[in-house]
Amino acid sequence: MTSVCETLNAPQQEAVRTTEGPLLILAGAGSGKTRTLTHRIAYLIEEKGVDPWHILAITFTNKAAEEMKSRVEAMTPQGGSVFVSTFHACCARILRGYADRLGYTKSFTIYDTEDQKVLMRRIIKDRDLDPKIYNEKDVLRQISSLKDEVVTAEEYASRPGSFREQKIAELYTEYQKRLLMADAMDFDDLLVNTVLLFRENEDVLAKYRDRFRYILVDEYQDTNTAQFVFVEMLAHEHRNLCVVGDDDQSIYKFRGANIGNILHFEEAFPGAKVIRLEQNYRSTKNILAAANQVISHNEGRMDKTLWSDKPEGDRVALREYADSREEAREIAKDIEKERGRFPYGACAVLYRTNSQSRLLEEAFVDRGIPYVLVGGTNFYERREIKDLLAYLKTVANAWDDVAVRRIINVPRRGIGDTTVEKVAALAGQEGITFWDALQRFAESPEAGKAAALKLKAFLELIGSFREAAKELRVAELIDLILDKSGYREALKEEGEIEAEARLENLTELQNKATGLEDEAGDPEALGRFLEQVALVADVDEMETGTDRVTLMTMHSAKGLEFPKVYLAGMEQDLFPGARSLYSGNDEDLEEERRLCYVGFTRAQEKLILTAARVRMVNGQTQVHNTSQFIDEIDPLSLKRERNASMFGPREGSERQMKKDYEAGRISSFGRKGQSVGWTDFGDSFGFGEMPKMRGSVRPQGSGPVSSYFSSQEEKIREASQSAGDLASGDRVSQKRYGKGTVVEVKQGKRDLEVTVDFDNFGRKVMLAGFAGFEKIEE
DNA sequence: TCGAGAATTGTTTTT
DNA sequence: CAATTCTCGA
């Protein structure tokens with residue numbers, strides 16, 4: 001064990017040896033914090049003789065938990081019995097033991113985001129609120145942020161607030177009531193309810209305080225208030241709390257992460273010791289320099305400087321492309337070209353939004369490059385999986401209305417909306433669950449003969465599953481359900497490729513259940529399975545060790561590292577995203593910048609930034625400048641690579657079209673609804689979709705979209721200017737389009753028509769760089 | 001009741 | 001460009 005410590009640097013060793021009292025480890029990116037943490041746990045066990053039973057380690061993902069556990073186990077034989085887990089899994093575990101104290105049963109189910117939305121939508125509907133004004137997403141977001149701060153429905157309702165806030169409070173209250181009735185908790189509830197459990201049950205709190213005498217929390221910068229409260233309660237007595245974090249890597253403010261937790265740790269835990277890990281073992285000097293330069297633009301950071309004694313390495317590369325498709329293709333090409341130095345498994349392509357993965361995937365498929373996509377639509381969120389899980393939930397928990405209603409007519413069994421609504425109404429007025437109402441309704445004369453028959457068949461079907469569950473393993477139960485419900489049959493009949501994929505997914509789910517190691521008929525196993533499934537993150541499922549390129553968001557990449565990293569889409573308005581740029585709140589921009597820092601510091605040897613000039617975003621062609629973060633890098637650390645495809649002669653039809661256009665041979669080209677033209681900047685070439693336009697293109701205003709039009713008057717004026725001066729007889733009209741605004745100027749006499757589109761932020765949307773179009777021919 | 005086609009609308013990031 | 005909701009006819 002002492003020899004183990006020798007491989008650590010001085011501050012790391014100190015962090016390992018400071019076992020008693022509160023400790024904040026400020027660990028910069030790549031400073032070996034996981035190593036330090038695992039050594040610390042091993043040290044506690046080996047040197048301090050602490051029983052692993054008394055140690056709790058909280059990680060950010062299940063994957064990180066597993067990894068930490070196996071690393072500790074490799075160092076000390078007892079290491080395997082340390083409780084390493086995520087906040088959510090840990091809370092779920094505690095609640096499984098004591099949920100009855102809160103009015104739940106111990107086999108409560110967990111609602112995911114979709115379940116939450118379904119439930120909330122129903123509540124809003126039942127209360128006759130305008131779903132436009134109270135849309136479930138907004139309401140849920142507000143409730144979620146209240147839960148992040150451990151504000152209960154009662155507390156919130158008792159606070160004075162605006163009319164809307166009072167309505168939200170009512171919805172919150174009702175939502176919690178229905179969750180309780182359904183014996184279900186949402187993600188946030190896992191934390192909040194655990195805190196409430198501790199608050200109201202002295203004995204439970206005492207038990208866990210006694211058990212977890214040494215607590216470690218990783219990625220502390222991304223904890224929210226609820227998590228802080230949870231940890232504080234547990235650590236209150238023994239005060240052996242060690243948190244590790246890096247304020248520069250806090251990227252989850254949007255889901256309630258409270259950076260104050262780390263900034264004010266010393267105040268919350270007086271006498272806390274602070275140790276800084278500032279030596280980076282991961283990246284070359286150039287990469288680190290670029291990362292440091294970018295992050296230095298943020299204000300209010302904790303004082304620390306990351307350094308490295310690694311070689312200089314290559315400069316950070318910047319490559320610009322004409323459009324996003326080309327960007328994707330060139331990345332794929334480049335990966336293939338350098339395969340000798342960087343095998344596929346050594347490469348990662350990171351991006352800001354999940355939607356960017358599509359083009360990359362296409363490019364990789366085209367070249368036959370193997371890749372793993374992390375994130376996007378979670379496996380467990382796919383329709384067929386959710387359907388089957390709803391069956392399982394219905395079997396496990398008859399109160400779960402959302403689950404029952406999901407499957408009552410899946411596959412089709414002739415129970416339509418009308419019937420379902422009647423049952424729901426009955427449930428509402430009697431104050432019983434949907435399931436109970438279903439039983440009553442099937443017997444009542446109100447149900448038509450045909451409907452009653454169908455309902456009874458459904459009830460019997462579920463009943464038979466419940467019976468069967470008593471003597472089957474979960475995997476076998478799944479098989480039975482697929483079979484007897486007719487679900488598998490229905491999919492097979494479709495016969496489409498998509499249906500086949502769905503069947504494969506179901507088989508995969510079954511395989512996961514097979515790996516469960518449950519006894520036949522074990523009543524807990526089903527609940528365990530459902531819980532496991534509810535709490536997995538995308539990264540948890542990531543395979544490692546295969547020679548494949550990794551594609552994922554920068555958020556998902558937190559905590560990971562790769563020899564070669566591409567950051568795709570380094571474009572203003574995409575990264576940093578328009579949302580953060582125009583919110584009027586600098587903190588939003590700073591969070592994006594931290595995300596950029598996280599992205600940069602994933603790279604060990606080579607970092608390549610790419611940007612596209614023209615990109616489709618939500619079906620709209622947008623022209624982007626390179627990200628401001630690029631300007632924040634010292635030019636000496638950056639290598640702007642001019643690539644032939646962008647600045648040299650262009651190939652194929654686009655080039656020909658350009659010539660034709662210039663020579664006046666054609667006045668318009670492109671497919672229906674599209675036109676093509678030149679942008680003012682660079683030499684790039686873009687397609688712009690112009691649904692309202694026909695005819696040829698006259699380049700007008702172009703360049704970065706910086707103007708900001710807030711009032712309707714301004715928008716109209718701007719649109720008019722694009723059309724030229726207004727004359728009498730011109731008609732100006734405006735209409736809402738989504739959240740944006742479209743202003744149309746029709747100048748009848750001169751046969752000129754202009755449409756200018758404004759996005760959510762009031763910025764004029766430039767269609768591939770053009771603001772105005774002259775209509776020449778029909 | 002149900003499906004097809006039209007219309008609308010939406011978007012960071014995720015445990 | 002999706003994905004979802006709406007509308008309408010059978």
Side-chain angles (χ1 to χ4, degrees), chain A residues 58-65 85-92 110-114 116-117 121 131-132 135 137-138 141 144 147-148 185-191 219 222-224 226-227 250-257 324 350-359 374-378 380-381 383 409 411-421 448 450-451 454 531 534-540 552-558 569 573-581 583 588 591-592 594-596 598-599 615-622 689 691 736-740 759-760:
Chain A
I58 303 271
T59 56
F60 201 67
T61 63
N62 297 299
K63 190 184 162 74
S85 145
T86 65
F87 272 110
H88 292 270
C90 173
C91 289
I110 298 171
Y111 272 12
D112 69 9
T113 322
E114 205 187 316
Q116 289 178 273
K117 275 196 261 183
R121 207 175 304 150
K132 288 241 155 60
N135 98 344
K137 259 182 104 183
D138 291 344
R141 199 172 346 98
S144 174
K147 287 182 178 177
D148 288 340
M185 300 189 194
D186 65 23
F187 286 129
D188 303 316
D189 283 336
L190 294 175
L191 279 154
E219 306 286 5
D222 283 320
T223 52
N224 62 30
Q227 289 163 338
S250 168
I251 54 176
Y252 281 103
K253 202 180 127 213
F254 71 92
R255 72 170 201 216
S324 43
L350 311 181
Y351 36 80
R352 177 67 239 264
T353 64
N354 277 307
S355 60
Q356 288 170 255
S357 70
R358 218 192 81 239
L359 288 176
V374 179
T377 356
N378 187 314
Y380 296 101
E381 279 163 22
R383 204 212 311 156
N409 199 29
R412 298 257 131 76
R413 38 177 84 91
I415 304 174
D417 284 348
T418 330
T419 315
V420 171
E421 282 310 321
K454 289 171 189 162
E531 176 178 315
L535 298 181
V536 283
D538 294 317
V539 254
D540 296 334
M552 63 179 149
T553 62
M554 286 178 249
H555 279 90
S556 297
K558 192 175 77 158
D573 284 8
L574 179 66
F575 186 43
R579 263 261 200 345
S580 60
L581 276 167
S583 74
D588 292 333
E591 175 137 320
E592 296 276 303
R594 290 192 294 268
L595 185 59
C596 182
V598 168
R615 170 184 307 272
M616 277 285 239
V617 179
N618 308 333
Q620 240 181 10
T621 308
Q622 289 187 4
E689 194 183 347
R736 295 193 61 75
Y737 178 74
K739 281 185 185 165
D759 69 10
N760 301 353

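Chain A is the first sequence line, chain B the second, and so forth, proteins listed ahead of strands; every chain is numbered from 1. Note that this is a predicted model, so its numbers are computed, not measured.
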Visitor: Under 3.5 Å, side chain of A:Asp573 to main-chain N/O of A:Gly577, donor-acceptor pair present?
Guide: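 Absent.
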Visitor: Would you say A:Asp186 and A:Lys147 make side-chain contact, with heavy atoms under 4.5 Å?
Guide: yes
Visitor: Would you mind classifying the nucleic acid contact of A:Lys137 as base, sugar-phosphate or nothing, using non-hydrogen atoms under 4.0 angstrom?
Guide: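 Contact class for A:Lys137: sugar-phosphate only.
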Visitor: What class does the angle between the rings of A:Phe187 and A:His88 fall in, given that below 30° is parallel, 30 to 60° is tilted and above 60° is perpendicular?
Guide: perpendicular
Visitor: Do NZ/NE/NH1/NH2 and the carboxylate oxygens of A:Asp222 and A:Arg255 come within less than 4.0 Å?
Guide: no
Visitor: Rounding to a whole Å, what distance do you find between A:Gln227:CD and B:dT15:P?
Guide: 12 Å
Visitor: Could you say whether A:Ser355 or A:Ile415 is positioned toward the 5' end of DNA chain B, judged by the nucleotide with the nearest heavy atom to each?
Guide: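 Looking at DNA chain B, the more 5' nearest nucleotide goes with A:Ile415.
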Visitor: Please work out if A:Thr419 contacts a base, only the sugar-phosphate, or nothing of the nucleic acid, heavy-atom cut-off 4.0 Å.
Guide: sugar-phosphate
Visitor: Quick check on B:dC2: is either OP1 or OP2 less than 4.0 Å from any side-chain nitrogen or oxygen of A:Asn409?
Guide: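 Checking B:dC2 against A:Asn409, a side-chain N or O does come within under 4.0 Å of OP1 or OP2.
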Visitor: Using only heavy-atom distances, determine whether the side chains of A:Glu421 and A:Thr418 contain a donor-acceptor pair under 3.5 Å.
Guide: no
Visitor: Report the distance from atom CZ of A:Arg358 to atom C1' of C:dC1, rounded to the nearest whole Å.
Guide: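 Atom-to-atom, A:Arg358 to C:dC1, this comes out as 7 Å.
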Visitor: Decide, applying a 5.5 Å centre-distance limit and a 30° plane-angle limit (both strict), whether A:Phe60 stacks on B:dT15.
Guide: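 No; by the centre-distance and plane-angle rule, A:Phe60 does not count as stacking on B:dT15.
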Visitor: Mind checking A:Asn354 for me? I need base, sugar-phosphate or nothing, with any heavy atom below 4.0 Å counting as a touch.
Guide: sugar-phosphate
Visitor: At under 4.0 Å, does any side-chain N or O of A:Arg413 touch on OP1 or OP2 of B:dT1?
Guide: no
Visitor: OP1 or OP2 of B:dT14 sitting under 4.0 Å from any side-chain N/O of A:Thr553?
Guide: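 Yes, within the criterion.
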Visitor: How many Å lie between CG on A:Asp588 and P on B:dT11, as a whole number?
Guide: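 Taking CG of A:Asp588 and P of B:dT11, I get 17 Å after rounding.
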Visitor: Nearest to the side chain of A:Met616, which nucleotide is it out of C:dC1, B:dG3, B:dT14?
Guide: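 From the listed options, C:dC1 comes nearest.
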Visitor: Just by modelled atom types, is the A:Ser250 backbone N or O under 3.5 Å from a matching donor or acceptor in the A:Arg594 side chain?
Guide: yes
Visitor: Please confirm whether the shortest side-chain N or O distance from A:Ser556 to OP1 or OP2 of B:dT13 is below 4.0 Å.
Guide: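 Checking A:Ser556 against B:dT13: no side-chain N or O falls below 4.0 Å of OP1 or OP2.
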Visitor: Could you state the OH-P distance from A:Tyr380 to B:dT14, rounded to the nearest angstrom?
Guide: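 In whole Å, B:dT14 P and A:Tyr380 OH are 17 Å from each other.
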Visitor: Find the distance A:Leu595:CG to B:dT14:P and express it as a whole number of Å.
Guide: 10 Å
Visitor: Please tell me if A:Arg121 has a side-chain N or O lying less than 4.0 Å from either OP1 or OP2 of C:dT5.
Guide: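 Looking at the OP1 and OP2 atoms of C:dT5, one of them is under 4.0 Å from a side-chain N or O of A:Arg121.
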Visitor: Would you classify A:Phe575 as touching base, sugar-phosphate or nothing, given that sugar-phosphate means primed atoms plus P, OP1 and OP2, and contacts are heavy atoms under 4.0 Å?
Guide: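 Touches nothing.
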Visitor: For the pair made of NE2 in A:His555 and C1' in B:dT15, what is the distance, rounded to whole Å?
Guide: 12 Å
Visitor: Which nucleotide in the list B:dT15, C:dC1, B:dT1 gets nearest to the side chain of A:Arg255?
Guide: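 Nearest nucleotide to the side chain: B:dT15.
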Visitor: Hey, does the side chain of A:Asn135 come within less than 4.0 Å of B:dG10's phosphate (OP1/OP2), counting only N and O?
Guide: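 No.
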Visitor: Among B:dT1, B:dT14, B:dT15, which is the nearest nucleotide to the side chain of A:Thr86?
Guide: B:dT15
Visitor: Is the phosphate of B:dT13, meaning OP1 or OP2, less than 4.0 Å from a side-chain N or O of A:Arg579?
Guide: no
Visitor: For A:Glu591, report the nucleic acid contact type (base, sugar-phosphate, nothing); a contact means any heavy atom under 4.0 Å.
Guide: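 If one applies the 4.0 Å heavy-atom cut-off, A:Glu591 turns out to touch nothing in the nucleic acid.
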Visitor: Which part of the nucleic acid, if any, lies within reach of A:Gly414 when heavy atoms closer than 4.0 Å are counted: base, sugar-phosphate only, or nothing?
Guide: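 Touches sugar-phosphate only.
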Visitor: Pick the closest DNA chain B nucleotide for A:Glu592 and for A:Lys454 by heavy atoms, then say which residue is nearer the 5' end.
Guide: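 Its nearest nucleotide lies further toward 5', so the answer is A:Lys454.
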Visitor: Counting the atoms with a prime plus P, OP1 and OP2 as sugar-phosphate, which does A:Arg383 contact under 4.0 Å by heavy atoms, base, sugar-phosphate, or nothing?
Guide: nothing
Visitor: Just the rounded figure in Å: distance from P of B:dT13 to OH of A:Tyr351.
Guide: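 A:Tyr351 atom OH is separated from B:dT13 atom P by 10 Å.
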Visitor: Hey, is the main chain of A:Leu535 close enough, under 3.5 Å, to the side chain of A:Asn62 for a donor-acceptor pair?
Guide: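 Yes.
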Visitor: Figure out the CG/C1' separation between A:Asp186 and B:dT14, and round it to whole Å.
Guide: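 Value for this atom pair: 14 Å.
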